[in-house]
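Notes follow the structure.
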There are 2 protein chains.
Amino acid sequence: MAQIKHSRQREAIRIFLMSRKDHPTAEAVYAHVKEEYPNISLGTVYRNLTFLVDNGEAIKVPCDDGSVHFDGNVEPHPHFQCRKCGAIIDLDFDGTKCENALNKAAATDFEGIIEGNVTFFYGICPECRRENS
Amino acid sequence: MAQIKHSRQREAIRIFLMSRKDHPTAEAVYAHVKEEYPNISLGTVYRNLTFLVDNGEAIKVPCDDGSVHFDGNVEPHPHFQCRKCGAIIDLDFDGTKCENALNKAAATDFEGIIEGNVTFFYGICPECRRENS
DNA sequence: AATAAACTAGTAATAATTACTGTTATTATA
DNA sequence: TATAATAACAGTAATTATTACTAGTTTATT
């Protein structure tokens with residue numbers, strides 16, 4: 001029922017998220033949007049990030065290290081986190097086959113309903129790898 | 001170097017974790033161990049959970065909903081979370097094959113190092129399924 | 001038993017997120 | 001275009017999960 005009204009701040013947050021290949025945290029979004037709207041509040045950022053996620057315009061990426069990142073690319077795709085620098089990186093391959101196989105395997109002898117799965121990769125990112133060698 | 005000393009509290013926490021099929025949160029561990037050690041402090045629970053995880057005696061399970069659970073079963077095995085009640089459940093199947101296939105696929109055209117991956121399943125747990133139908 | 005260091009309880013501090021409140025911006029309508 | 005209704009905002013306070021600190025207690029060692 002509740003109508004949705006346009007807002008400059010929300011738009012700025014969306015634009016920023018979509019323009020980014022890295023996966024900013026709420027704090028990072030705040031820091032950036034603040035340049036355009038100096039007195040935007042952190043609450044507004046959180047409220048709108050949640051809004052975007054709920055409306056399928058962004059994905060919430062909770063990581064193993066406890067940090068929460070946001071992704072403007074809503075096409076299903078796997079994520080990778082660097083064990084060293086913590087960066088979240090998109091992996092560009094189609095894991096659909098494996099995903100389906102996994103869902104099937106998981107559903108065997110399981111009385112509940114498997115709706116899907118998320119695979120999270122970890123290791124060393126290209127940059128840290130270069131530095132280290 | 002630092003020597004490790006035995007402690008009743010830590011032992012109680014480990015025993016409790018291992019005895020559990022569900023995956024208690026720090027708070028749940030606290031609530032339980034408190035029955036035996038009424039003035040154990042929450043800090044002690046956190047410190048020892050971290051200790052157990054660091055020493056390979058427990059696994060930290062950070063979930064999509066932001067909650068953090070702990071698992072006394074350190075054998076690698078996939079987890080499932082119910083979208084309705086939030087329960088974490090162990091899935092009893094061997095996904096090693098798929099896991100390896102995924103790692104291989106992910107490594108293609110990736111300049112970093114893929115060390116591994118964690119697959120997290122979601123859907124409706126057996127109990128919620130029964131209730132709903 | 002005496003000693004040293006790890007561990008604890010209790011409390012304070014921090015960090016991330018959510019809730020609240022009075023004001024502002026947006027949209028629908030007159 | 002002005003008015004009215006309300007979604008969204010800024011600013012702040014509150015909440016939650018977790019970590020840090022400190023003085024006292026346990027544990028292991030001699």
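Chain identifiers are assigned alphabetically (A, B, ...) following the order of the sequence lines, protein sequences preceding nucleic acid strands; residue numbering begins at 1 within each chain. As a basis for the values below, the full set of heavy atoms in this structure was taken, side chains included, without hydrogen atoms, waters or symmetry mates.
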Span of DNA chain D in contact with chain B (heavy atoms, under 4.0 Å):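 Contacts span D:dA17 to D:dA28, reading 5' to 3'.
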Residues 106-117 of chain B, side-chain donor-acceptor partners within the protein, below 3.5 Å, at least two apart:
residue  : atom : partner  : partner atom : Å
B:Thr108 : OG1  : B:Lys104 : O            : 3.2
B:Thr108 : OG1  : B:Ala105 : O            : 3.1
B:Glu115 : OE1  : A:Arg83  : NE           : 2.7
B:Glu115 : OE2  : A:Arg83  : NE           : 3.4
B:Glu115 : OE2  : A:Arg83  : NH2          : 2.8
B:Asn117 : ND2  : B:Glu99  : O            : 3.3
B:Asn117 : ND2  : B:Asn103 : OD1          : 2.8

Closest-nucleotide ordering on DNA chain D, the 5'-leading residue of B:Gly66 and B:His6: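 Closest to the 5' end, via its nearest nucleotide, is B:Gly66.
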When every nucleotide of nucleotides 8-16 of chain C is labelled 5' to 3' by its protein contacts under 4.0 Å (heavy atoms), B for base, S for sugar-phosphate only, - for none, what sequence of letters results? BBB-----S
Could you work out, with side chain to side chain contact (heavy atoms under 4.5 Å, CB included) as the rule, every residue matching [X], not counting sequence neighbours?
{"X": "B:Val53", "value": "B:Ala58, B:Lys60, B:Phe70"}
{"X": "A:Ala28", "value": "A:Pro24, A:Thr25"}
{"X": "A:Ala87", "value": "A:Cys85"}

Each residue besides A:Val118 in its hydrophobic cluster should be listed here, by chain and number; the cluster joins Ile, Leu, Val, Met, Phe, Trp and Tyr at side-chain heavy-atom distances under 4.5 Å.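 Under the 4.5 Å side-chain rule, A:Val118 groups with B:Tyr122.
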Please list all pairs passing the ring-ring contact (aromatic ring centres under 6.0 Å, His included) test where one or both residues lie in residues 24-58 of chain B, with sequence neighbours left out. B:Phe16-B:His32
Can you name the residues that form a salt bridge (charged side-chain N to carboxylate O under 4.0 Å, His left out) with A:Arg20, not counting sequence neighbours?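 With sequence neighbours excluded, A:Arg20 shows a salt bridge (charged side-chain N to carboxylate O under 4.0 Å, His left out) to A:Asp22, given in chain and number order.
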For the helix from C:dA1-D:dT30 to C:dA30-D:dT1, what angle lies between the axis at the first five pairs and the axis at the last five pairs, to 10 degrees?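 Roughly 30° between the end axes, to the nearest 10°.
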Identify every side-chain donor-acceptor pair in residues 74-82 of chain A under 3.5 Å, counting partners at least two apart or on other chains, and give the distances.
residue : atom : partner : partner atom : Å
A:His77 : ND1  : A:Asn73 : ND2          : 3.4
A:His77 : ND1  : A:Glu75 : O            : 2.5
A:His77 : NE2  : A:Asp71 : OD2          : 2.9
A:His77 : NE2  : A:His79 : NE2          : 3.1
A:His77 : NE2  : A:Asp90 : OD1          : 2.8
A:His79 : NE2  : A:His23 : NE2          : 3.4
A:His79 : NE2  : A:Asp71 : OD2          : 2.9
A:His79 : NE2  : A:Asp90 : OD1          : 3.1
A:Gln81 : NE2  : A:Asp65 : OD2          : 3.3
A:Gln81 : NE2  : A:Gly86 : O            : 2.9

Under the criterion side-chain contact (heavy atoms from CB on, under 4.5 Å), I'd like the reasoning laid out for A:Ile13 against A:Leu52: C-alpha separation, chi angles, the key distance, then a yes or no. CA-CA 9 Å; A:Ile13 291 169; A:Leu52 293 173; 4.0 Å; yes
Sequence neighbours excluded, every pair satisfying salt bridge (Lys or Arg N to Asp or Glu O under 4.0 Å) that has a member inside residues 32-57 of chain B: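 Residue pairs with at least one partner in residues 32-57 of chain B: B:Arg14-B:Glu57.
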Distance in angstrom units between A:Glu11 CD and C:dT27 C1', rounded: 16 Å
I'd like to know if B:Lys5 reaches the base of C:dA5 with its side chain such that a donor and an acceptor end up less than 3.5 angstrom apart. yes
